[in-house]
Structures are given as structure tokens and as C-alpha cells.
Amino acid sequence: NRKLVAKDETPAKKHARANARQTSPETIVTMPAAHTQIAMTQPTNFMPPFEGRKIDASKKEFRVCAACCCSLLFIDCDHCLPICHGQEQFCCCARDFLCCCGEDPQLASMCGCYGISCYPKCGCCQLLSYYYPPDEYPLLAPKKDYCPCNSCCFGPLCHGTFFFKIPTTICAHSGYCWCKFYEECSLPCVEEIPVACYLFPLCGLMLFPKIGCCPKADPYFPVREALVDGAVVTEAPKAE
């Protein structure tokens, strides 16, 4: 049987429905593709040990095409829409953005100016938890204490929100561009981003940790696998 959806369903209702599916009794609430949360990671060590840096298992099929110290650029052949979306931080500022169709339940869709918001509901200088309660929108819970400042929304075409927040890092970014390219960076460095470098400007020619041409993320980098009980197992690079 096909599930009927009202034609006048708003983006906010679609967002709630997507989260409801993840919080149903028969499922476990998980963050979509852990690699997309790099921008939300709070550094615990200004310079994590090289051997302790491992990529999340969600990036195992990615292709590495560029890198420089605390940033990586991948090709994700399985990703299509949205064409461009992601999140970033800079000291006490943060931003969510999405453009050119598609949905991302990790990004807040709002409309307002100078702290006064009219969508998804009216409010003035309220925290994000006022507009998107964490129990109803668990994917936005990490940003519950963010204060929306300026935002715009053009339905499924594009939307963006600028926040003020308590500083947790200097700068961080994670997101997609042109459908297939996924980039992540963080300063200070975080354990989720291994150290690597490529031969500029030959995109795809990797020099460190070993020479390769657009190598697959696994086995090029060590992989951190999450188990069901919450423990973590590390998978070392496979021998060639």
C-alpha cells in the first residue's frame, strides 16, 4: 500500500516526519553518515597523534583526491542530491547551508533576520531548541544552544542559517559541493581527519601517507568501526 502525503505538506512537517521515522520504537536513532558531523566535532587535543587519527567507516568507499594537513577532499560516487550542502564553524559563528534541491535533516531550515524569525515559528533571539525541540528533531540536538541570527529559506531549492554560538573550536567545515565532492577540515585538528598530502596542483596524486592515484579511503587510511554496543574497533590499513 502506498502512503498518502498531503500536497500542502510544509518542509517543517517533512522534517518532523523524517525524524519520526528515526525515533520509532523499532529503530535506533543514529546520525546519518557520521562523516557529515566533522564540523560539529569539538577538538580534545590541539595536535592528536598521527597514529590515532582514523576515518569513520562511512567513508570507506570514498576516493581520496586532495589533502593538506588538517583537511581532506574526497569523491563520493554514491552521493547525488543536494548538489551543495554542509555546515561550518568559525569561533563564535556557525552556518548551515543547502542549495540546488534535496534535503538534509541535519541542517536547520529557517527564515528570519537579526534574530527575529518567522519560520518555522515566530520568535526573537531564541535558541534553536525553541524552534526545533531536541526530542522531536534529534538530528539537530547538537545545535540546540545555537542562536539563529540571519536565515533564508526558498523551500526545497535552497536555505541557509547563520548562528551565534559558544566557541568550541577555531574553524571547522564539512560538506558536499557539486554532488560528488566531499570536503572536511578542522583547526585545531581532530582525530577523525588523518594527516595526508598530495602533489599540488595534480588533484588525485597522493604523496603521504603513501603514494597513490585517487586511492580508496579504505585501505589508504585506518578505519574506525563502531559496534552495536557503542564500543569502537579500529581496522588498520590492509597490506598491499
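Taking CG from Leu81 and NE2 from His79, the interatomic distance works out to 7.5 Å, rounded to the nearest 0.5 Å. For the atom pair CG (Leu73) and SG (Cys177), the distance works out to 9.0 Å, reported to the nearest 0.5 Å. Separating the CD1 atom in Ile75 from the CZ atom in Phe181 is a distance of 5.0 Å, to the nearest 0.5 Å.
Between the Lys180 side chain and the Cys77 main chain, a donor and an acceptor come within less than 3.5 Å of each other. Remark: side-chain polar atoms of Ser117 are not paired, donor with acceptor, to backbone N or O of Tyr119 under 3.5 angstrom. Side-chain N or O atoms of Tyr137 include none that pairs as donor or acceptor with a backbone N or O of Ala108 at under 3.5 Å.
Residues meeting the side-chain contact (heavy atoms from CB on, under 4.5 Å) test with Pro209, sequence neighbours left out: Ala196, Tyr220, Phe221. Among residues two or more places apart in sequence or in another chain, the side chain to side chain donor-acceptor pair (under 3.5 Å) test is passed with Arg53 by none. Residues satisfying the side-chain contact (heavy atoms from CB on, under 4.5 Å) criterion with Phe97, sequence neighbours excluded, are Cys84, Glu88, Arg95, His173. Legend: residues meeting ring-ring contact (aromatic ring centres under 6.0 Å, His included) with Phe162, ordered by chain and number and at least two apart, are Phe164.
Within the structure, the salt bridge (Lys or Arg N to Asp or Glu O under 4.0 Å) test picks out the following pairs touching residues 61-74 (sequence neighbours left out): Glu61-Lys216.
Evaluated for a side chain to side chain donor-acceptor pair (under 3.5 Å) with Asp96, the options Lys143, His159, His85 yield exactly one hit, Lys143.
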Check residues 148-158 and write down every donor-acceptor pair under 3.5 Å in which the side-chain atom is one partner and the other belongs to a residue at least two apart or another chain.
from: Asn150; atom 1: OD1; to: Tyr114; atom 2: N; distance (Å): 2.7
from: Ser151; atom 1: OG; to: Cys111; atom 2: N; distance (Å): 3.4
from: Ser151; atom 1: OG; to: Gly112; atom 2: N; distance (Å): 3.0

